[in-house]
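When reading the values below, keep in mind they use all heavy atoms of this one structure, side chains included, and skip hydrogens, waters and symmetry mates. Atoms within a ligand are numbered from 1 in the order they appear, just like the ligands themselves.
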Amino acid sequence: MEDCLFCKIIKGEIPSNKVYEDDDVFAFSDINPQAPIHILVVPKKHIESAAKLEKEDEELVGKIFMVIKKIAEEKGFANDGFRVINNCGKKAGQTVKHLHFHILAGKDLGEKII
Ligand code: AMP
Ligand code: ZN
């Protein structure tokens with residue numbers, strides 16, 4: 001997608017603080033961190049949101065969660081605990097229309113919504 005911010009970050013057209021990359025998954029620091037550690041994990045494939053996933057994306061989503069686990073272990077917050085958030089669509093406040101999972105860590109994350 002030409003006009004997609006995260007596609008441009010994945011291609012290196014917009015700079016980011018890269019945390020992880022493989023053939024299918026890219027992770028980088030959020031520009032406006034909501035916790036001491038705030039990382040975004042995204043598929044390289046442009047998928048608009050969780051609501052637009054196709055059957056063929058099943059393995060990719062599993063891979064994203066294995067990357068989340070790997071990052072948590074490598075950054076040393078796997079045992080302390082962390083939060084993974086996906087905002088899907090308008091009412092959830094999704095601002096970038098490229099599927100992404102927020103990882104929040106590094107502090108007591110406080111009150112839960114659910
Ligand atoms: P969401 O509100 O769930 O769509 O999350 C979008 C996230 O992208 C927000 O947390 C933003 O801070 C983050 N963001 C926006 N632009 C950039 C950027 N250029 N580099 C890194 N993170 C960004
Ligand atoms: Zn995109």
Side-chain angles (χ1 to χ4, degrees):
M1 274 280 282
E2 295 151 21
D3 248 8
C4 172
L5 174 64
F6 288 174
C7 282
K8 286 181 180 161
I9 286 177
I10 291 160
K11 284 188 261 174
E13 293 170 8
I14 290 176
S16 73
N17 178 20
K18 184 168 86 176
V19 171
Y20 176 89
E21 180 173 16
D22 65 28
D23 287 348
D24 303 308
V25 182
F26 195 88
F28 54 102
S29 300
D30 196 291
I31 206 167
N32 182 23
Q34 302 300 307
I37 297 166
H38 186 171
I39 294 165
L40 299 174
V41 186
V42 309
K44 285 191 170 176
K45 177 184 176 185
H46 180 86
I47 300 169
E48 195 176 307
S49 74
K52 296 289 168 73
L53 283 164
E54 307 272 3
K55 180 73 182 159
E56 66 180 26
D57 301 320
E58 206 168 11
E59 197 178 324
L60 178 58
V61 175
K63 198 167 175 196
I64 288 171
F65 271 84
M66 293 310 290
V67 168
I68 289 170
K69 179 190 171 198
K70 188 180 171 70
I71 291 170
E73 287 172 351
E74 284 180 4
K75 296 274 178 194
F77 58 81
N79 289 334
D80 283 347
F82 57 95
R83 192 167 285 163
V84 179
I85 295 171
N86 169 252
N87 294 315
C88 178
K90 219 182 330 179
K91 289 193 174 172
Q94 182 181 0
T95 57
V96 180
K97 290 182 175 172
H98 181 128
L99 179 66
H100 53 280
F101 294 88
H102 299 257
I103 307 175
L104 297 168
K107 68 168 188 179
D108 188 333
L109 292 162
E111 199 178 327
K112 296 187 290 178
I113 298 170
I114 50 162

Task: Residue, atom name and distance, where the atom is the protein heavy atom closest to atom 8 (O) of ligand 1 - done: Phe6 CZ, 3.5 Å
Open item on the list: Which residue and atom name correspond to the protein heavy atom nearest atom 5 (O) of ligand 1, and how close is it?
Closed with: His100 NE2, 3.0 Å
- [ ] Could you tell me the residue and atom name of the protein heavy atom closest to atom 4 (O) of ligand 1, and the distance to it rounded to 0.1 Å?
- [x] Thr95 N, 2.7 Å
Open item on the list: Students should be able to answer this: which protein heavy-atom is nearest to atom 22 (N) of ligand 1, and at what distance?
Closed with: Ile31 N, 3.2 Å
Open item on the list: Quick check on contacts: which atoms of ligand 1 are under 4.0 angstrom from a heavy atom of Leu40?
Closed with: 8 (O), 13 (C), 22 (N)
Show me the side-chain donor-acceptor pairs of residues 50-64 shorter than 3.5 Å, one per line, residues at least two apart or across chains.
| unit_1 | atom_1 | unit_2 | atom_2 | d |
| --- | --- | --- | --- | --- |
| Lys55 | NZ | Glu58 | OE1 | 2.9 |
| Glu56 | OE2 | Lys45 | NZ | 2.8 |
| Asp57 | OD1 | Lys45 | NZ | 2.5 |
| Asp57 | OD2 | Glu54 | N | 2.8 |
| Lys63 | NZ | Asp24 | OD2 | 2.7 |

Open item on the list: How about NZ on Lys8, more than 12 heavy atoms from neighbouring residues, nucleotides or ligands closer than 6.0 Å, or not?
Closed with: yes
Task: For the Zn ion (ligand 2): the N/O/S atom of His46 at shortest distance - done: ND1
Open item on the list: I'd like to check whether Gln94 has a polar contact with ligand 1, where a contact means an N/O of the residue lying under 3.5 Å from an N/O of the ligand.
Closed with: no
- [ ] List for me each residue that meets ring pair (Phe, Tyr, Trp, His ring centres under 6.0 Å) alongside His102, sequence neighbours excluded, and say none if there are none.
- [x] His38, His100
Open item on the list: Please list, in number order, the atoms of ligand 1 under 4.0 Å from a heavy atom of Val96.
Closed with: 4 (O), 6 (C)
TODO: Give the atoms of ligand 1, by number and element, whose distance to some non-hydrogen atom of Phe28 is under 4.0 Å.
DONE: 21 (C), 22 (N)
Task: Atoms of ligand 1 close to His102 [distance to a heavy atom under 4.0 angstrom, numbered from 1] - done: 1 (P), 3 (O), 5 (O), 7 (C), 10 (O)
Open item on the list: Minimum distance, heavy atoms only, to atom 11 (C) of ligand 1: which one of Asp30, Asn32, Ile9 is it?
Closed with: Asp30
Task: Common cluster, Phe28/Leu5, ILVMFWY with side-chain heavy-atom separation under 4.5 Å - done: yes
Open item on the list: Which residue in the set Gln94, Lys97, His98, Lys90 passes side-chain contact (heavy atoms from CB on, under 4.5 Å) when paired with Ser49?
Closed with: Gln94
Open item on the list: Which atom name does His98 have for its N/O/S atom nearest to the Zn ion (ligand 2)?
Closed with: ND1
Task: Residue part near ligand 1, for Ser29, under 4.0 Å between non-hydrogen atoms - done: backbone
- [ ] May I ask you to identify the nearest protein heavy atom to atom 16 (N) of ligand 1, giving residue, atom name and distance to one decimal place in Å?
- [x] Leu5 CD2, 3.3 Å
Open item on the list: Check for me, please, whether Ile37 and Ile68 land in the same ILVMFWY cluster - side-chain distances under 4.5 Å, paths through other members count.
Closed with: yes
TODO: Would you mind reporting whether Val84 and Phe65 have side-chain heavy atoms less than 4.5 Å apart?
DONE: yes
TODO: Establish, yes or no, whether a centroid distance under 6.0 Å links the rings of Phe26 and Phe6.
DONE: no
Task: Cluster overlap Phe82 with Phe101, hydrophobic side-chain contacts below 4.5 Å - done: yes
TODO: For Gly93, take its heavy atoms, then give the atoms of ligand 1 lying under 4.0 Å from any of them.
DONE: 2 (O)
Open item on the list: Please tell me whether Val19 and Leu104 are part of a single hydrophobic cluster in this structure, the criterion being side-chain heavy atoms less than 4.5 Å apart.
Closed with: no
